[in-house]
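See structure below.
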Amino acid sequence: MLDIKALREDPDHFRRALRVRGEAGNHQAVDRILELDQGRRAAITEADELKARRNSVSRTIGERKRAGEDASDLIAEMREVGARIAELDGRVAEADAEIGTLLLETPNLPLEEVPEGDESANVELRQVGTPLRHPFDARPHWELGEALGILDLARGAKVSGSGFPVLRGAGARLQRVLIEWMLEIHVREHGYEELHVPYLVTGDALTGTGQLPKFSDESWVTSRDDLWLIPTAEVPVTNLRRDEIIRAGELPLRYTACSPCFRREAGAAGKDTRGLLRVHQFDKVELVRFETPERSREALEELTAEAETILERLGLTWRVLRLAAGDLGFAAAMTYDIEVWAPGVEQWLEVSSCTTFTDYQARRANIRYRPAPGEKARFPHTLNGSALALPRLMVALLETYQQEDGSVIIPEVLRARMGSEHLMA
RNA sequence: GGAGGGGUGACGGAGCGGCUAACGUACCGGUCUUGAAAACCGAGGUCAGGAGAAAUCCUGCGUGGGUUCGAGUCCCACCCCCUCCGCCA
């Protein structure tokens, strides 16, 4: 959520910043918000004066009654004052509601560094490694997986529909081993606290992180209880501290959690959906940070490096993109996408988005921190990134380490946990 | 799911529909002290949000409605926590 006070002070800045997001920027909302805000404040001023009067007169009424005197003239007057107050309060509530809706539907402001334009304006910052070309006919992961008996897409579809892959045997084991290995790196080397979180959350939680109200089509919701399946662990983890004031000195907070992620992918049918490329349910190790505004920019670089180290240790090839404004997520102020090279499908696959939300999520979720005892509470910055998403990581591993005979070599760092050096049919 | 109990400030804990939410603890300030603790003093102060240039004022007693000149207090609905019962991995 944007800061209405800042918006009031420098509306042009907001109009400009929202305009670079294109259509989704909703910059027209700025003027409507200013107009509502003005009416709201006028009503509050008048209502407050009347309330002050009512409070003091009500006291007088009480005194008179106790003294056995008549107070009917004051009561009659206060009845009218009460009606006027109710009218003004109603007007304030209406303005609050409309302002609230507009603020909830207006995305975050991109940082200055974010390039203007759509997806095509994304900037490649670095590429590590060289995209591999196998000297033999490289196979896509779905062929490798089916042949090795570690991936069963057909039966997953039988049970739940397309987009719900089943991993079998060594495939299931490989994913489990990867999850454990990644979590331990983040806990032991990067200082994160491991969490295990609910997979069903309230609508309030999704609003706090920015998925609702605008993107309800993207999530599944249960009809009996109005609980939503999480699209990412970001939602329960960030909302852990909703409506709290984090004590002085507790920042930064670093949480990591692995969870399944449920995504309807509405409108994405047929678009790079083969095999594991785009699925409705997948596992992901997520990193979430709460940082002071002063440190958040630096923290984004750290977070991105923490995700990259996973790819480095697995010996994969990747590149890092700075997303353009038009490609940013709704709540994001800046995002680095990490894409891994998959030589079977010959594509760069997004395995991580590392994002700073500045104070946007914190405002929505009403998460604050006290910089020092006795100081006024402020909004922290929240950041998160995948490290990493499992299916596409599995794709890159299988396709990169496939051999001409269809077997797959297990990367060195996973061998002890896997208890083997190869995947073989 | 059923029965009962509960939700008030940083914490504990009162609060017949009517001065400005009692009291205690903690914290903060002061006296004393080399320093601290203890003790004592303080019509005092402490949280969040909002309006205002400011003085100051308004709102907040789980949430949302309602009754009333006036609601922590009365009415309705809902949420959460605790105890017991039932069901259950």
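Keep in mind it's a predicted model, so treat the numbers as computed, not measured. For the numbers below, each heavy atom of this structure counts, side chains included, while hydrogens, waters and symmetry mates do not. Throughout, protein chains are lettered first and strands after them, A, B, ... in sequence-line order, and every chain is numbered starting at 1.
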Mind checking the [atom1] distance from [N] to [M]? Whole angstroms is fine.
| N | M | atom1 | answer |
| --- | --- | --- | --- |
| B/G18 | B/G5 | P | 25 Å |
| B/A21 | B/G44 | P | 13 Å |
| B/G86 | B/G1 | C1' | 8 Å |
| B/C57 | B/C40 | C1' | 37 Å |
| B/G52 | B/C61 | P | 24 Å |
| B/A51 | B/A38 | P | 42 Å |
| B/C16 | B/C27 | C1' | 34 Å |

Strictly below 4.0 Å: does [X] bring a side-chain N or O up to OP1 or OP2 of [N]?
| X | N | value |
| --- | --- | --- |
| A/Arg41 | B/G52 | yes |
| A/Arg368 | B/G49 | yes |
| A/Arg79 | B/C69 | yes |
| A/Asn55 | B/C58 | yes |
| A/Arg54 | B/A71 | no |

*Going by the side chain to side chain donor-acceptor pair (under 3.5 Å) test, name the single residue among A/Arg242, A/Arg247, A/Arg241 that passes it with A/Glu244.*
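Of all the options given, the one that passes is A/Arg241.
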For [X], report the nucleic acid contact type (base, sugar-phosphate, nothing); a contact means any heavy atom under 4.0 Å.
| X | answer |
| --- | --- |
| A/Arg370 | sugar-phosphate |
| A/Arg84 | nothing |
| A/Ile44 | sugar-phosphate |

_Just to be sure I understand: a Watson-Crick pair is purine N1 to pyrimidine N3 plus N6-O4 or O6-N4, both under 3.5 Å. Using that and G-U wobbles, which stems of three or more pairs involve RNA chain B?_
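In RNA chain B, stems of three or more pairs: B:1-7 with B:79-85, B:10-12 with B:23-25, B:29-31 with B:39-41, B:47-51 with B:56-60, B:62-66 with B:74-78.
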*Under the salt bridge (charged side-chain N to carboxylate O under 4.0 Å, His left out) rule, what do A/Arg313 and A/Glu189 come out as? Steps first, then yes or no, please.*
CA-CA 14 Å; A/Arg313 294 183 203 195; A/Glu189 300 178 31; 2.6 Å; yes
_Assuming nearest nucleotide by heavy-atom distance, tell me which of A/Ser58 and A/Arg40 is located more 5' along RNA chain B._
A/Ser58
*Hey, what do you get for OH (A/Tyr360) to OG1 (A/Thr209), rounding to the nearest 0.5 Å?*
11.0 Å
*Rounded to the nearest 0.5 Å, what separation is found between the CG atom of A/Leu303 and the CZ atom of A/Arg254?*
9.5 Å
